[in-house]
Amino acid sequence: MAPQVVLLTGCSSGLGFSMARRLAQDPDQRYLVIATDKDMAGKAELVAAVGDAIDKTIFIKEMDITKDEDITQVVDDAIKTYERIDILINVAGVATMGLPERMSRARIESIFNVNTIGTIRLTLAVLPNMKHKKAGKIISVTSVGGVRGVPYGEVYSASKFAVEGFFESLLPAVKSFNIR
């Protein structure tokens with residue numbers, strides 16, 4: 001069976017980094033991982049962590065999910081190379097706590113651009129191929145802050161609530177295409 005092509009965001013640290021390493025080092029080599037990093041700041045650490053899996057079961061690409069041209073480039077390259085993206089895992093995100101009235105408009109927009117708009121835009125870029133193939137899985141990491149408001153995390157929670165609402169609404173629309 002051919003390996004599943006996985007597009008994974010937020011791989012410079014935390015959960016995204018751990019998931020990229022784990023999938024790339026799967027003993028049965030069930031996955032080809034396209035691990036993305038917005039500025040490649042975490043590339044060296046990820047290369048060291050995956051060892052000889054680099055350029056075999058994991059490929060590290062630069063992609064800032066707030067930039068449509070980055071999304072288009074990575075998605076188009078993946079489809080050109082592998083003819084599909086089987087699994088999209090949206091991990092990239094920013095967490096900010098603080099008094100909302102002290103947050104600048106630019107900071108609020110930045111949080112929404114990463115946590116919400118970037119996640120939605122990447123998902124929409126991957127969907128046509130998944131619909132055409134009539135298969136796919138989309139996993140989006142949010143937070144307890146996306147289902148319950150968090151004091152001093154109002155803006156963060158709002159951005160995660162929006163993602164929850166988007167995917168809750170998307171699910172019935174893609175079910176008939178065998179996308180979960």
Check: Which value, rounded to the nearest 0.5 Å, describes the distance between K160 atom NZ and F112 atom CZ?
Finding: 11.0 Å
Notebook entry, point to check: For the atom pair CD (E109) and CD1 (I117), what is the distance rounded to the nearest 0.5 Å?
Noted result: 8.5 Å
Item checked: Identified side-chain contact (heavy atoms from CB on, under 4.5 Å) counterpart of I34 within the set D77, V6, L7 -> L7
Checklist line | Heavy-atom closest pair, residues G98 and E154 | finding: O-OE1, 4.0 Å
Checklist line | Interatomic spacing from CG in L122 to OG1 in T9 - rounded to 0.5 Å | finding: 6.5 Å
Item checked: Verify same cluster id: M19, M40 (apolar side-chain graph, 4.5 Å) -> yes
Next item on the list: Evaluate whether atom CD of E168 has more than 12 neighbouring non-hydrogen atoms of other residues, nucleotides or ligands under 6.0 angstrom away.
Entry: no
Check: Hey, are the side chains of L32 and D86 touching, using non-hydrogen atoms and a 4.5 Å cut-off?
Finding: no
Check: If you take all heavy atoms of A24 and T57, which pair is closest and at what distance?
Finding: O-OG1, 2.6 Å
Notebook entry, point to check: Should L170 and V91 be counted in the same cluster of Ile, Leu, Val, Met, Phe, Trp and Tyr side chains packed under 4.5 Å apart?
Noted result: no
Check: So do the side chains of V33 and F59 get within less than 4.5 Å of each other, counting heavy atoms only?
Finding: no
Item checked: Joint cluster assignment, I139 & V126, ILVMFWY side-chain distance < 4.5 Å -> no
Note to self: Is there a side-chain contact (heavy atoms from CB on, under 4.5 Å) between I138 and V174? Walk through the geometry before answering.
What the structure shows: CA-CA 11 Å; I138 302 169; V174 298; 5.9 Å; no
Notebook entry, point to check: Is a donor on one side and an acceptor on the other found under 3.5 Å between the side chain of S18 and the backbone of G14?
Noted result: yes
Next item on the list: Could you tell me which non-hydrogen atom of T142 sits nearest to which non-hydrogen atom of Y156, and how far apart they are?
Entry: O-OH, 4.3 Å
Margin query: As an exercise, state the distance from SG of C11 to NZ of K61, rounded to the nearest 0.5 Å.
Written below: 13.0 Å
Check: Can you check side-chain contact (heavy atoms from CB on, under 4.5 Å) on N129 and Y82, steps first, answer last?
Finding: CA-CA 11 Å; N129 180 261; Y82 305 107; over 6 Å; no
Item checked: Where A125 and V75 come nearest, the two heavy atoms and their spacing -> O-CG1, 3.7 Å
Next item on the list: Just grab all the salt bridge (Lys or Arg N to Asp or Glu O under 4.0 Å) pairs involving residues 29-43, residues at least two apart or on different chains.
Entry: D26-R30
Checklist line | Heavy-atom closest pair, residues T119 and V114 | finding: OG1-O, 3.6 Å
Margin query: Within this structure, what is the CG-NZ distance for the pair N178 and K131, rounded to the nearest 0.5 Å?
Written below: 13.5 Å
Next item on the list: Identify the residue among T66, D68, T72 that makes a side chain to side chain donor-acceptor pair (under 3.5 Å) with R121.
Entry: D68
Check: Which pair of heavy atoms, one from M103 and one from M97, lies closest together, and at what distance?
Finding: CE-C, 4.4 Å
Check: Out of curiosity, does V47 fall in the hydrophobic cluster containing I58 (side-chain heavy atoms, cut-off under 4.5 Å, transitive links)?
Finding: yes
Checklist line | Flag, side chain of T116 to backbone of S159, donor-acceptor distance under 3.5 Å | finding: yes
Check: Can you tell me how far CD1 of I85 sits from CG of L8, rounded to the nearest 0.5 angstrom?
Finding: 12.0 Å
Check: If you draw a 6.0 Å radius around CD in Q29, do more than 12 non-hydrogen atoms from other residues or ligands fall strictly inside?
Finding: no
Note to self: Same cluster or not: V74 versus I87, using hydrophobic residues (I, L, V, M, F, W, Y) connected whenever any side-chain heavy atoms lie under 4.5 Å apart?
What the structure shows: no
Item checked: Partner of T96 under side-chain contact (heavy atoms from CB on, under 4.5 Å), chosen from I111, N115, V155, I108 -> I111
Note to self: Can you confirm whether L127 sits close enough to I179 that some side-chain heavy atom of one is under 4.5 Å from a side-chain heavy atom of the other?
What the structure shows: yes
Next item on the list: Answer yes or no: are there more than 12 heavy-atom neighbours, outside E62 itself, under 6.0 Å from its atom CD?
Entry: yes
Margin query: Show, in sequence, the C-alpha distance, side-chain angles and deciding distance for I71 and M63, and conclude whether the side-chain contact (heavy atoms from CB on, under 4.5 Å) test is met.
Written below: CA-CA 6 Å; I71 290 171; M63 182 175 69; 4.2 Å; yes
Check: Going through the distances and angles, do D70 and T36 end up as a side-chain contact (heavy atoms from CB on, under 4.5 Å)?
Finding: CA-CA 10 Å; D70 283 10; T36 65; over 6 Å; no
